[in-house]
Protein chains: 2
Amino acid sequence: MGEQREAVRLFNNPGAQECADVIMSAASKRRAVIVLGVCEVSYRGRTSSELARGERLVIVKEDGSLLVHRTWGYKPVNYMPPGAMVYAKSDSGSVVISAKRGSESMRVVFHKVYLVATLNFRDDSSFEQKGTEAQMRDAVVFYPELVEKGLRVLTHEFQVKSGFVDLMALDSRGRLVVIEFKANPAKTADVNQLIAYVSRLRALSKERGIRGVLAAPSINKAARKLLVDSGLEFKRLDKDECLRVLEEFKPTMSLLSFIEKGDEHSA
Amino acid sequence: MGEQREAVRLFNNPGAQECADVIMSAASKRRAVIVLGVCEVSYRGRTSSELARGERLVIVKEDGSLLVHRTWGYKPVNYMPPGAMVYAKSDSGSVVISAKRGSESMRVVFHKVYLVATLNFRDDSSFEQKGTEAQMRDAVVFYPELVEKGLRVLTHEFQVKSGFVDLMALDSRGRLVVIEFKANPAKTADVNQLIAYVSRLRALSKERGIRGVLAAPSINKAARKLLVDSGLEFKRLDKDECLRVLEEFKPTMSLLSFIEKGDEHSA
DNA sequence: CAATGTATTTCGGAA
DNA sequence: TTCCGAAGTACATTG
């Protein structure tokens, strides 16, 4: 017995009809195809784009995604996301690959095809990645001093539906403090969010002493200016510091979590 | 005479040494290479990742970017951005491709190579795209009725980077209108941006009649609620409509642009 | 399904 | 060069 499976099948300098057939056949079997040749590309959908004639690598993947790569750059110059319906046909000596997905459509016309290869690939390995996280908010809930001394947390759902979570607290002088956390360097949009929230809160309560604090590892210059001009505050909050606190309080956390659930039931 | 240039050079089932040589040779000539085969990948840098053995397509581009693609998904499962130094060598029957770029490094080990192809591609076409946020704004500048009848535009810098507010105008009753454009469906963050700007403007000028308009192709539910609750308005603005207007006014545009530059010099 | 945040974000333009 | 925000962002996760 030899190999049953042919991982790569090559078609060198195929005719237009043969090329179209190969692509359609692969698509029907849910196999990926790569095409090397001279093509032009047009796209209509979220925007419109035209890419004139040039030599490129086109990848039709088994999930319907379609990538047009030039010989430089990380990103494809044109593409369709997964889920597109892909068709190929021969048209007066050219190969036309078209893809549709909702209101988006893309069309690749190959004037010359150097190579087509169908891929019957096996790849079920999982992709393992380590080293990302941001549960700064939980850390602050358990150790409010990370933000400032004397802070008492009012809202404290440390159910991590990570999302922009505004924490409400009282400072040492009894003023309401709205805290917004960001795991990444704070941008203008983050400041806008805090401005919008605080301004709504002030409009509702007529309370003048409401403070707004943006807590993040860093903040860019424009954002900082906007923040200060708006009478709000920045607090540098290091991710590693938060993680250390979290580690330290981990046992307490699970215990408290249990107690709170008990409280809920008794309420 | 015949063709001088060979756009694609194929090496079918190459030996490990031959494969490594081909890759190194291509790299030295600044040519892209694609490799089909069985590989495993590890990456160290911004995070750490391991990808176990599987059949994949690897692209080494002429700018030093390195992409590992599976047969599904838009994104490469592993990659190095442009600017990496790429090396290839044969190591006890395997081909090892390594890439370094600052503190980042990636290593692809091919246990079996089905195909290597070096690409000597020509592709100097420009990529033209239409339908961006900036173009929506330009369209409204030339045809304010796209937003509402009687609107007069105050600020009208054509290719100004956005950042603050997109457009200031007066409505038919003389009220100040702040308009923010979004080419994509409007989200909460976009509403926040408008709230923040309008609230600052109101605080500064004590003017009560300031209107805020968010102009976008659509708006999601949460964003709409926030918008309305904040006393602001939504205006559906179709991308294609804007493009048609732009086409119509294109000659006028370049002329006006020229005149404005002239004004700057005379000022 | 919609909405929200993350990304080894990448990419381009302006300060 | 650095900074900053858009992207045809894609993608996972959670309500």
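Throughout, a chain's letter reflects where its sequence line sits, starting with A, and its residues are numbered from 1.
- Scanning for side-chain hydrogen bond (donor to acceptor under 3.5 Å, both in side chains) contacts around Ser199(B) gives an empty result, with sequence neighbours left out.
- The CG-P distance, from Leu67(B) to dT9(C), rounds to 16 Å in whole Å.
- For Tyr79(A), there are no side-chain hydrogen bond (donor to acceptor under 3.5 Å, both in side chains) partners two or more places apart in sequence or in a different chain.
- Per the geometry, CZ belonging to Arg224(B) stands 16 Å off C1' belonging to dA3(C), to the nearest Å.
- Scored by the ring-ring contact (aromatic ring centres under 6.0 Å, His included) test, Phe121(B) finds no partners at all (sequence neighbours excluded).
- In this structure, NZ of Lys187(A) is placed 12 Å from P of dA7(C), rounded to the nearest angstrom.
- Atom CZ in Arg101(A) sits about 11 Å away from atom P in dT9(D), given to the nearest Å.
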TODO: Report the C-alpha distance between Thr188(B) and Leu226(B) in whole Å, list the side-chain angles of each, state the deciding distance to 0.1 Å, and finish with yes or no for side-chain contact (heavy atoms from CB on, under 4.5 Å).
DONE: CA-CA 7 Å; Thr188(B) 313; Leu226(B) 177 60; 3.5 Å; yes
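- Contacts of Ser103(A) classified as side-chain hydrogen bond (donor to acceptor under 3.5 Å, both in side chains), with partners at least two apart in sequence or in another chain: none.
- Every residue was checked against the ring-ring contact (aromatic ring centres under 6.0 Å, His included) condition with Tyr143(B), not counting sequence neighbours, and none meets it.
- Applying the side-chain hydrogen bond (donor to acceptor under 3.5 Å, both in side chains) test to residues at least two apart or on different chains, the pairs with a partner in residues 222-234 of chain B are Arg211(B)-Glu233(B), Lys225(B)-Asp229(B).
- Listed by residue number, Arg46(A), Thr47(A) are the residues of residues 46-54 of chain A with a heavy-atom contact under 4.0 Å to DNA chain D.
- Every pair passing salt bridge (charged side-chain N to carboxylate O under 4.0 Å, His left out) that includes a residue from residues 95-107 of chain A is listed here, sequence neighbours excluded: Arg46(A)-Glu104(A), Arg101(A)-Glu104(A).
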Hey, what are the protein-to-nucleotides 1-4 of chain D N/O distances that come in under 3.5 Å?
from: dC4(D); atom 1: OP1; to: Lys221(A); atom 2: N; distance (Å): 2.9

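- dG5(D) and dA7(C) have their C1' atoms separated by 15 Å, given to the nearest Å.
- For the pair Lys182(B) NZ and dA3(C) C1', the interatomic distance rounds to 17 Å; values are reported in whole Å.
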Between side-chain atoms of residues 61-72 of chain B and protein atoms elsewhere (two or more places apart, or another chain), which donor-acceptor pairs fall under 3.5 Å?
from: Lys61(B); atom 1: NZ; to: His69(A); atom 2: ND1; distance (Å): 2.7
from: Lys61(B); atom 1: NZ; to: Arg70(A); atom 2: O; distance (Å): 2.9
from: Lys61(B); atom 1: NZ; to: Trp72(A); atom 2: O; distance (Å): 3.4
from: Lys61(B); atom 1: NZ; to: Gly73(A); atom 2: O; distance (Å): 2.9
from: Glu62(B); atom 1: OE1; to: Thr71(A); atom 2: OG1; distance (Å): 3.0
from: Glu62(B); atom 1: OE2; to: Thr71(A); atom 2: OG1; distance (Å): 3.4
from: Asp63(B); atom 1: OD1; to: Ser65(B); atom 2: N; distance (Å): 3.0
from: Asp63(B); atom 1: OD1; to: Ser65(B); atom 2: OG; distance (Å): 2.6
from: Asp63(B); atom 1: OD2; to: Gly73(A); atom 2: N; distance (Å): 2.7
from: His69(B); atom 1: ND1; to: Lys61(A); atom 2: NZ; distance (Å): 2.7
from: Arg70(B); atom 1: NE; to: Asp123(A); atom 2: OD2; distance (Å): 2.8
from: Arg70(B); atom 1: NH2; to: Asp123(A); atom 2: OD1; distance (Å): 3.0
from: Arg70(B); atom 1: NH2; to: Ser125(A); atom 2: O; distance (Å): 2.4
from: Thr71(B); atom 1: OG1; to: Glu62(A); atom 2: OE1; distance (Å): 3.0
from: Thr71(B); atom 1: OG1; to: Glu62(A); atom 2: OE2; distance (Å): 3.4

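- Between Asp190(B) atom CG and dG5(C) atom P there is a gap of 12 Å when expressed in whole angstrom units.
- Contact check, Asn184(B) against dA6(D): no side-chain N or O comes under 4.0 Å of OP1 or OP2.
- Residues satisfying the side-chain contact (heavy atoms from CB on, under 4.5 Å) criterion with Ala183(B), sequence neighbours excluded, are Glu133(B), Met136(B).
- For the contact set between residues 72-81 of chain A and DNA chain D, defined by any heavy atom under 4.0 Å, the members are Asn78(A), Tyr79(A), Met80(A), Pro81(A).
- Distance Phe127(B) CZ to dT9(D) C1': 13 Å, rounded to the nearest Å.
- Going from atom NZ of Lys130(B) over to atom P of dA7(D) covers 17 Å, rounded to whole Å.
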